[in-house]
J.: 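Handing you this structure, nothing more for now.
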Amino acid sequence: MHTGQAGSAAGASQAEEGQSRDVRPQSESAGQPCVDRVAAVTALTAALAVTAGQGAARCVLATAAVLSGQLSVGWCNDAFDACRDIAAGRRDKPVVGGAVGVMQMWVAAYAALALCVPLSFACGVWAGVVHLAGVAAAWAYNLRLKSTAWSWAPYAVGFAALPAFVALGLPGQPWPAWWMVTAGALLGVGAHLGDVLPDIRGDLATGVRGFPHRLGADGARLLLPVPLVTASVVLALGPAGPPGRWGVVALATAGLVAVAGTVLGRRRERAAFAAAVAVAVVDVALLLVRGIGIA
């Protein structure tokens, strides 16, 4: 990570990176996508807990644990990346915009993390261990792994931990089905590629060299649908018995959309991203439908 510079050095950095900021999608420079991701992951966990058969009180606890964990991760990321965000001129970020200081952001991150620990263990000992392992992986991504070839690993661990956390919170603390955890990990890898792809050129300009960045924009675009479609296959065919009509329909839809996105993405990068989002929606729907057999 680059350290922040004061005065003229910051101005020079902004001038040199002006061109890369011009191609950065506005939605990626703003703080809103982070909020959207927190809301999406929390809502997915709540829905998965309901479909898995957790009681009302346990659903509330699981949702609160995931919300506090996700907030800690988001605030940690904003605090740790403050210097790079300032250099890149991302003024919609809360720290860059002056809405909150870096120290305040760190305090908020650690406070949310401290709250996440008892909430996680309130869902069960093993559930707490698994969930906190996923949160720890996300913090490791923020603090070290984001700019390494292993940047995909925290996403895989974090997403795989969600269905495991829900399953281990059920009566008897049953271990989750292998196909549910595997699909979660694959969705995590796809989420990482999808998060990075719209902003990959701007990230490269500020020194970020994670796994997708090493592939380049074209390589990341081509790889993006692979883990998502593989997750569709695992969710459709992993559970015992035939996939059923909806499983076949979902699998066919995911495959066709992925192929269309890959073909159209050669000319329009956003088409590949939109197709990946559509496949991810199919995967999440399958995840929830299969949630009743999560353990």
J.: Do L187 and P227 touch side chain to side chain, with heavy atoms closer than 4.5 Å?
T.: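 No; the side chains remain at least 4.5 Å from each other.
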J.: Quick check: are there more than 12 heavy atoms from other residues, nucleotides or ligands sitting under 6.0 Å from CH2 of W150?
T.: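 Not buried by this count: 12 neighbours or fewer within 6.0 Å.
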J.: Would you call the rings of W139 and Y110 parallel, tilted or perpendicular, taking 30° and 60° as the class edges?
T.: tilted
J.: Quick one: list whatever passes side chain to side chain donor-acceptor pair (under 3.5 Å) with W126, sequence neighbours left out.
T.: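 If we apply the side chain to side chain donor-acceptor pair (under 3.5 Å) test to W126, skipping adjacent residues, there are no hits.
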J.: Sequence neighbours left out, what passes side-chain contact (heavy atoms from CB on, under 4.5 Å) with A47? Give chain and number order.
T.: L288
J.: Got a sec, which hydrophobics cluster with V259, joining ILVMFWY side chains under 4.5 Å apart, including via others?
T.: V263
J.: Among residues at least two apart in sequence or on other chains, which ones pass side-chain contact (heavy atoms from CB on, under 4.5 Å) with R144?
T.: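 side-chain contact (heavy atoms from CB on, under 4.5 Å) list for R144, sorted by chain: T148.
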J.: Can you find a pair of side-chain heavy atoms, one from V284 and one from V281, that are under 4.5 Å apart?
T.: no
J.: So, using side-chain contact (heavy atoms from CB on, under 4.5 Å) as the criterion, who are the partners of A161 when residues are at least two apart?
T.: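 Checked A161 against side-chain contact (heavy atoms from CB on, under 4.5 Å); matches are V130.
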J.: Does any non-hydrogen side-chain atom of V129 lie less than 4.5 Å from one of F121?
T.: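 Yes, side chains in contact.
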J.: Can you name the side chain to side chain donor-acceptor pair (under 3.5 Å) partners of Y155, sequence neighbours left out?
T.: D195
J.: Not counting sequence neighbours, which residues clear side chain to side chain donor-acceptor pair (under 3.5 Å) with S151? List them please.
T.: H192
J.: What pairs meet the side-chain hydrogen bond (donor to acceptor under 3.5 Å, both in side chains) rule with one or both residues in residues 226-244, with sequence neighbours excluded?
T.: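 Of all non-adjacent pairs touching residues 226-244, those that pass side-chain hydrogen bond (donor to acceptor under 3.5 Å, both in side chains) are S232-D283.
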J.: Could you walk me through whether W75 and L113 satisfy the side-chain contact (heavy atoms from CB on, under 4.5 Å) test, starting with their C-alpha distance in whole Å, then the side-chain angles of each, then the deciding distance to 0.1 Å, before giving a yes or no?
T.: CA-CA 10 Å; W75 289 334; L113 182 62; over 6 Å; no
J.: Between A137 and P154, what is the shortest heavy-atom contact and its length?
T.: O-CB, 3.2 Å
J.: Considering only Ile, Leu, Val, Met, Phe, Trp and Tyr, and joining two whenever side-chain heavy atoms are under 4.5 Å apart, list the other residues clustered with V233.
T.: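 ILVMFWY cluster around V233 also holds L237, L251.
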J.: Decide yes or no for C76 and L143: does some side-chain heavy atom of the first lie under 4.5 Å from some side-chain heavy atom of the second?
T.: yes
J.: Report the residues that fulfil side-chain contact (heavy atoms from CB on, under 4.5 Å) with A138, sequence neighbours left out, ordered by chain and then residue number.
T.: V73
J.: Considering only Ile, Leu, Val, Met, Phe, Trp and Tyr, and joining two whenever side-chain heavy atoms are under 4.5 Å apart, list the other residues clustered with L61.
T.: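 Listed partners: L115, L119.
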J.: Report yes if some heavy atom in the side chain of L145 is under 4.5 Å from a heavy atom in the side chain of F211; otherwise report no.
T.: no
J.: Among residues at least two apart in sequence or on other chains, which ones pass side chain to side chain donor-acceptor pair (under 3.5 Å) with S120?
T.: H131
